[in-house]
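Note sheet for the following structure.
Along the sequence shown, residues carry numbers from 1.
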Amino acid sequence: MRLFAAVLPPEAAIAELAARVKALRALPGADGLRWTEREGWHFTLAFYGEVTEEVLPELHTRLARAAHRHRPHELRLAGGGRFDDRVVWVGVDGDGEALRGLADSAAAGGRRAGIPMDRHRPYHPHLTIARTRSTRHHRSAISLAPYAERLMDFAGREWTVRELSLVRSHPPAPGVPGQQPRYEVVAAWPLGH
């Protein structure tokens, strides 16, 4: 199963972001982007990829320990940007150091559970809201700059990160245009407990 550790924003924060995204989707060219569904909005902490059932008990133990070592902390969805002309994202404001620490612990927990992890890169917390439809051989002609610019002043309400979630990604059915991955929370652990 395809798994990752994540922080899931509360519904009130998602609703605020959804209102801004609705305005972005009205911009010229927006129908040429693949917009992520609000049910899939999350902050990935560590991506584990394909994980076998045998690894799950140890991964659960490691993530429970990671959650225990980190205290709840305040964040808010704020600002935004783009990765080249491939991804439009929303960022965070607040205790980003605490979120980075939680991401480091989630990645270390995966490694200790025996999951081969990519070499560690600096954690850049972001929530993906849209992607270009380009493939490896064909780059999209859509500039994401106008979308990123309209997110720069976005500032949602503050909320408390209270848990670390282990999420399973169910890929979309092949050959169905526009279908999105479906996400399922497999387990969650409260922070600081």
Side-chain angles (χ1 to χ4, degrees), residues 2-21 24 33-49 59 62-63 66-111 115 117-132 144-145 147-169 180-181 183 185-192:
R2 200 170 169 83
L3 298 175
F4 59 91
V7 164
L8 309 176
E11 182 52 38
I14 293 291
E16 286 177 327
L17 178 57
R20 180 60 65 100
V21 169
L24 294 178
L33 300 176
R34 286 182 307 151
W35 294 88
T36 57
E37 300 293 333
R38 63 191 277 168
E39 295 80 23
W41 289 348
H42 60 267
F43 289 96
T44 300
L45 299 173
F47 181 73
Y48 304 124
L59 182 59
R62 298 292 180 173
L63 292 178
H68 178 75
R69 285 195 305 271
H70 294 272
R71 296 276 164 232
H73 53 277
E74 302 300 313
L75 289 181
R76 68 181 179 157
L77 300 175
R82 62 191 168 119
F83 296 133
D84 299 322
D85 269 335
R86 294 177 296 118
V87 171
V88 179
W89 52 266
V90 170
V92 294
D93 198 6
D95 197 345
E97 283 306 308
L99 188 62
R100 273 187 273 286
L102 188 58
D104 288 345
S105 291
R111 276 192 298 280
I115 298 169
M117 303 288 291
D118 288 339
R119 289 284 14 100
H120 197 64
R121 312 183 278 227
Y123 181 65
H124 184 276
H126 67 280
L127 184 155
T128 299
I129 58 170
R131 290 182 173 85
T132 57
L144 299 184
Y147 303 94
E149 287 165 14
R150 284 179 171 79
L151 285 167
M152 293 180 93
D153 69 341
F154 178 72
R157 74 182 69 197
E158 196 170 73
W159 49 279
T160 304
V161 176
R162 298 190 188 281
E163 67 182 18
L164 165 63
S165 297
L166 180 61
V167 181
R168 181 176 183 180
S169 174
Q180 307 249 336
Y183 300 106
V185 175
V186 175
W189 299 270
L191 299 186

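Within the 4.5 Å cutoff, side-chain heavy atoms of Y147 are placed close to those of L33. With contacts defined as side-chain heavy-atom distances shorter than 4.5 Å, the pair L99/L45 qualifies. Residues L24 and L151 meet the side-chain proximity criterion, which asks for heavy atoms closer than 4.5 Å. Residues I129 and L17 form a side-chain contact, since some pair of their non-hydrogen atoms from C-beta on lies under 4.5 Å apart. Residues F43 and L77 are in side-chain contact: their nearest non-hydrogen atoms beyond the backbone lie under 4.5 Å apart. With contacts defined as side-chain heavy-atom distances shorter than 4.5 Å, the pair W41/V21 qualifies. Between M117 and Y48, the closest side-chain pair of non-hydrogen atoms falls below 4.5 Å. Using a 4.5 Å heavy-atom cutoff, the side chains of I115 and L3 are not in contact.
For E11, the salt bridge (charged side-chain N to carboxylate O under 4.0 Å, His left out) partners two or more places apart in sequence, or in a different chain, are R38. In this structure, W89 has no side-chain hydrogen bond (donor to acceptor under 3.5 Å, both in side chains) partners at least two apart in sequence or on a different chain.
In this structure a side-chain-to-backbone donor-acceptor pair under 3.5 Å is missing from R150 to R20. One N or O on the side chain of T36 and one on the backbone of T128 form a donor-acceptor pair closer than 3.5 Å.
Ring geometry for F47 versus F4: interplanar angle under 30°, hence parallel rather than tilted (30 to 60°).
Heavy-atom minimum distance, V186 versus R168: CG2-CB, 3.6 Å. Between R86 and L144, the shortest heavy-atom contact is N-CD1, 3.5 Å. Closest approach of V161 to L191, counting heavy atoms only: O-CD1, 3.5 Å. E163 and P190 make their closest contact through CB-CA, 4.1 Å (heavy atoms, listed as atom of the first residue, atom of the second, distance). When every heavy atom of L164 is checked against every heavy atom of A5, the shortest pair comes out as CD1-CB, 4.1 Å. Looking at every heavy atom in both residues, A67 comes nearest to W189 through CB-CB, 3.6 Å.
The line from CG of D84 to OG1 of T132 is 9.5 Å long, rounded to the nearest 0.5 Å. Atom CG of D95 and atom CZ of R100 lie 9.0 Å apart (nearest 0.5 Å). Rounded to the nearest 0.5 Å, atoms OH (Y123) and CD (E97) are 12.0 Å apart.
The list of side-chain hydrogen bond (donor to acceptor under 3.5 Å, both in side chains) pairs with a residue in residues 68-77, not counting sequence neighbours, reads H70-S105, E74-T160, R76-D93.
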